[in-house]
Amino acid sequence: MKVQINPERCQGHGRCYDLAPGLFTEDDEGYGQVIGDGVVPPDAEREARIAVSNCPEKAITLVEEVRG
Amino acid sequence: MTVDDRFVRDFRETQEEQLGTPTEIITGPVSDWATDFSHLEPEWAADPYPILDDLRVRCPIAHTDRFGGGWLPTRYEDIAAVAYDTERFSSRAIIMGNYRPPKELAPVGAVPPISSDPPFHHDARKLLLPAFTKKEVAKREEATRAFCHSLIDSLEGLEVVDAARDYAQHIPMRVIADMMGFPPEDGPRFRQFVENALEGVNLPLEERMAHSAELFDYLLEQIRDHVANPRDDLTTYLIDAELHGRKLEPSHVAGTLALLLIAGIDTTWSAIGASLWHLAKTPADRERLVAEPELLPTAIEEFLRAYAPVTMARLVKQDMHWRGVDMKAEDWVLLSFPAANRDPAQFDRADEVIIDREINRHVAFGLGIHRCVGSHLARMELRVALEVWLERVPVFSLADPSAVKWAVGQVRGPRTLPLRIG
Ligand code: HEM
Ligand code: SF4
């Protein structure tokens with residue numbers, strides 16, 4: 001599973017980096033940034049879903065990867 | 001280096017006289033909220049939620065002939081659509097009243113960036129963002145906490161205190177005065193400016209103009225002092241800032257300072273007050289937060305959802321048929337983030353306050369390009385204010401529920417909040 005932020009929608013509310021600081025951070029203007037490649041470790045999946053469902057701009061997507 | 005002489009003359013003297021459009025002031029009881037609404041009547045101030053909930057079912061885009069004509073959408077999806085549609089809804093005016101500023105003010109507006117439309121808005125906003133990131137405002141947390149403690153110290157020995165007047169209002173005043181580099185002892189003047197700007201909306205135009213002149217006189221005084229003695233604060237930052245290769249227009253510097261002063265104070269004051277009001281009347285929630293302080297950030301989001309302090313406004317740009325109604329150019333749209341936050345189509349148990357609500361896509365800080373620049377600052381202040389209060393005053397209740405008074409107008413929070421703490 002991977003998280004992505006759509007920069008066209010993100011307005012820097014910061015709910016993602018408040019709620020899932022292991023997955024998201026802020027840039028110098030407060031816009032959300034995915035940390036690293038956005039891959040969500042299994043123990044952070046719940047956190048990721050909470051961030052997604054609290055973003056007021058619906059800017060975050062979860063990409064479910066097919067596991068091999 | 002040339003001397004900065006932009007502020008030697010009063011910039012208002014050199015501006016061309018631009019007249020806006022006043023409309024007839026209509027006050028008095030509302031006959032039907034669907035066709036005659038007014039956000040300036042006492043019934044709305046006391047409790048707007050039943051009105052908004054009723055309209056959402058009965059007439060989801062209500063109308064009024066007051067204020068020269070305006071609309072009130074109450075469904076989340078309609079409110080979001082207005083907030084996102086900066087092509088058809090202008091921010092040239094964001095306080096719905098009996099005065100529409102001149103069209104020539106767009107796209108900058110009197111108080112950028114909140115009064116600005118694209119494309120100007122983006123750059124005016126960008127100037128402010130770095131000073132208001134979560135990381136930047138975290139640097140003010142310690143001083144804010146110490147200040148909250150000093151406020152509680154001053155309540156020592158009292159049985160009944162006014163939590164709005166003696167606690168909530170002082171916190172954002174102090175924080176914003178520090179950030180702007182204004183004298184902290186000017187707090188009482190700030191309060192007057194805020195009340196004039198946001199609550200004096202139905203006063204005659206001359207009186208509103210006089211109030212606005214007082215605010216800008218004060219700001220010009222502060223700006224001149226900063227030009228003479230530059231320091232590390234937002235005022236000096238804005239005086240030195242450049243946009244498109246030039247220093248800002250003097251009216252831009254003063255307008256943004258006015259915005260920060262007004263938007264920074266009574267919004268957060270309202271949010272702190274409404275949260276304390278809820279906890280004072282809901283012992284189970286209060287006890288749970290005292291026992292589980294780690295729940296506070298989640299609870300704060302729920303207070304922001306349920307008691308969203310800020311309602312904005314827009315002006316319709318062109319005559320149009322919009323989602324079933326016929327809007328006219330220059331009609332107001334009252335943009336009720338509080339109504340969006342209580343739409344049952346968007347939130348489960350929308351009318352209940354659930355302090356551990358995990359999924360909470362509320363819009364108390366707006367949506368789209370005007371998302372509150374101060375949201376990280378406001379969240380920090382709100383969390384620290386409530387942490388300190390709950391730690392120092394874990395037991396409190398409403399001393400007299402009927403004595404609680406709520407602000408009239410587009411920023412709603414308790415202005416009188418007597419709590420029994422002894
Ligand atoms: C709980 C407290 C607060 C609430 C609920 C709140 C709410 C809002 C809302 C809803 C907007 C959007 C306006 C629109 O769509 O037209 C806004 C904009 C703004 N707020 Fe706040 N606000 C709060 C505190 C603050 C603070 C502390 C500051 C800064 C000192 C601040 C500065 C601003 C500014 C500069 C804008 C304009 C942003 C733009 O137009 O790009 N606010 N606020
Ligand atoms: S919560 Fe959404 S809008 Fe806010 S910073 Fe994260 S992605 Fe951006």
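Side chains are part of it too, since the values below use all heavy atoms of this structure and drop only hydrogens, waters and symmetry mates. Every chain is numbered from 1, with letters handed out A, B, ... down the list of sequences.
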Considering non-hydrogen atoms only, spot the tightest contact between B/K134 and A/D18 and give its length.
-> NZ-OD1, 2.6 Å
Going from OG on B/S375 to CZ on A/R15, what distance comes out if it is rounded to the nearest 0.5 angstrom?
-> 9.5 Å
I'd like to know whether [atom1] of [X] has more than 12 heavy-atom contacts from other residues, nucleotides or ligands below 6.0 angstrom.
X      : atom1 : result
A/E8   : CD    : no
B/D232 : CG    : no
B/E352 : CD    : yes
B/E142 : CD    : no

Donor-acceptor contact below 3.5 Å, side chain A/H13 vs main chain B/H376 | no
Backbone of A/N54 reached by a side-chain donor or acceptor of B/R361 within 3.5 Å | no
With a 4.5 angstrom heavy-atom cut-off, which part of B/R125 approaches chain A: side chain, backbone, both or neither?
-> side chain
Region of B/E301 in contact with chain A, defined by heavy-atom distances below 4.5 Å | side chain
Residue pair B/E358 / A/R46, side-chain heavy-atom distance below 4.5 Å | yes
Applying side-chain contact (heavy atoms from CB on, under 4.5 Å), name anything that partners B/S91, two or more places apart in sequence or on another chain.
-> B/I94, B/D117, B/R314, B/H370
Given B/T298, B/I369, B/V363, B/L128, the one with more heavy-atom pairs under 4.5 angstrom with chain A than any other is B/I369
For chain A, find which of B/P297, B/G366, B/G368 contributes the most heavy-atom pairs closer than 4.5 angstrom.
-> B/G368
Residue-level contacts of residues 77-86 of chain B with chain A, using a heavy-atom cutoff under 4.5 Å | B/Y84
Yes or no on salt bridge (Lys or Arg N to Asp or Glu O under 4.0 Å) for A/E57 and B/R371, after CA distance, side-chain angles and deciding distance?
-> CA-CA 10 Å; A/E57 309 286 349; B/R371 184 274 301 169; over 6 Å; no
Answer with side chain, backbone, both or neither: which region of A/Y17 has an atom nearer than 4.5 Å to a non-hydrogen atom of chain B?
-> both
By residue number, those in residues 20-28 of chain A with heavy atoms under 4.5 Å from heavy atoms of chain B are A/E26, A/D27, A/D28
For B/F120, ring-ring contact (aromatic ring centres under 6.0 Å, His included) partners two or more places apart | B/H252
